[in-house]
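Reading through the structure tokens given below for one structure.
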Protein chains: 2
Amino acid sequence: MFTLHPTLCSESFPVGDMASGKLLLSADARYPWFILVPAIPDLRDLHDMERVDQIRALDDITALSRALTTLYTPDKINVAALGNMVPQLHIHVIARFTHDDAWPRPVWVYGQGRSYEETEREQSIANMKQALKI
Amino acid sequence: MFTLHPTLCSESFPVGDMASGKLLLSADARYPWFILVPAIPDLRDLHDMERVDQIRALDDITALSRALTTLYTPDKINVAALGNMVPQLHIHVIARFTHDDAWPRPVWVYGQGRSYEETEREQSIANMKQALKI
């Protein structure tokens, strides 16, 4: 049975369900940073997925990237499946700006995260749900 | 017309052509680190690609990940399209080990790269070409 890894739970907020799995908002408020977790048990790597499931995830990543572009007008979208810290397959989709804290470096391991204010977090989640119609 | 960005040229070695584009070996010998560059002009982000081209790239990423797994028996595969430094869309596919220099951090911006010895580099390229039949 698919269950979300406890570290992913503790470092994010639930947004909703996409076709391929769970959509989360990263708890680090410095970036518009979403995380897609394919709802398949015991997945570690992208290449372990069946092709049909990969394509479903790809379509979700594309929809999420386009929604981020519409909502935030970023300079770049970063897409990454790393999983060195949390073994459960999860895909980061992050809107980046040339003026953001880590630019041009990747967001991981750069400085301390900033916590969301509750209203800011709820607004970010509501905006994304509306953009994705989920 | 598609041409490889000069920074990608200078920081990698050509391996061959896959269905979706050019395969490169990163010049940093600390990790088995390959880079796929879809052969489409003026691409910046994954979500700018047509779906058929995305799926072609996805199939290449899967083949490359499986070849890395067979050749190196890594602990994890990292897949990422960042592009904050080099605007041309390129996808990193990297074999990671729990004993490698950066683990569990991402490989980017961690320490100085190590240059390949010529024989080591040629062997890495030859092994990957054989594994991918390219």
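A quick note: this is a predicted structure, and the numbers were derived from the prediction, not measured. The basis for the numbers below is simple: all heavy atoms, side chains too, and nothing from hydrogens, waters or symmetry mates. All chains are named by letter (A, B, ...) in the order of the sequence lines, taking the proteins before the strands, and each is independently numbered beginning at 1.
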Verify the cluster assignment for A:Ile35 and A:Met18: are they in a single hydrophobic cluster under the rule of side-chain heavy atoms below 4.5 Å apart?
no

Do A:Val37 and A:Leu132 belong to the same hydrophobic cluster, where Ile, Leu, Val, Met, Phe, Trp and Tyr are linked whenever their side-chain heavy atoms lie under 4.5 Å apart, directly or via other members?
no

Is the count of non-hydrogen atoms from other residues, nucleotides or ligands lying under 6.0 Å from A:Lys76 atom NZ greater than 12?
yes

Kindly give the heavy-atom pair with the smallest separation between B:His47 and A:Arg66, and that separation in Å.
O-NH2, 2.6 Å

Determine the option with the most heavy-atom pairs under 4.5 angstrom with chain B, choosing from A:Thr62, A:Thr69, A:Leu82.
A:Leu82

For chain B, find which of A:Arg44, A:His92, A:Met85 contributes the most heavy-atom pairs closer than 4.5 angstrom.
A:Arg44

Is there side-chain contact between A:Ile55 and B:Arg51, with at least one heavy-atom pair below 4.5 Å?
yes

What do you reckon, is CD of A:Gln130 surrounded by more than 12 foreign heavy atoms closer than 6.0 Å?
no

Connected via hydrophobic side-chain network under 4.5 Å: A:Leu68 and A:Trp103
no

For the interface with chain B, which of A:Pro87, A:Ala63, A:Gly83 has the highest count of heavy-atom pairs at distances below 4.5 Å?
A:Gly83

Hydrophobic cluster identity match, A:Leu46 and B:Val93, side-chain contacts under 4.5 Å
yes

Distance from B:Arg105 atom CZ to A:Asn84 atom CG, nearest 0.5 Å?
11.0 Å

Mind ranking A:Ile91, A:Asp59, A:Asp75 by heavy-atom pairs under 4.5 Å with chain B and telling me who comes out on top?
A:Asp59

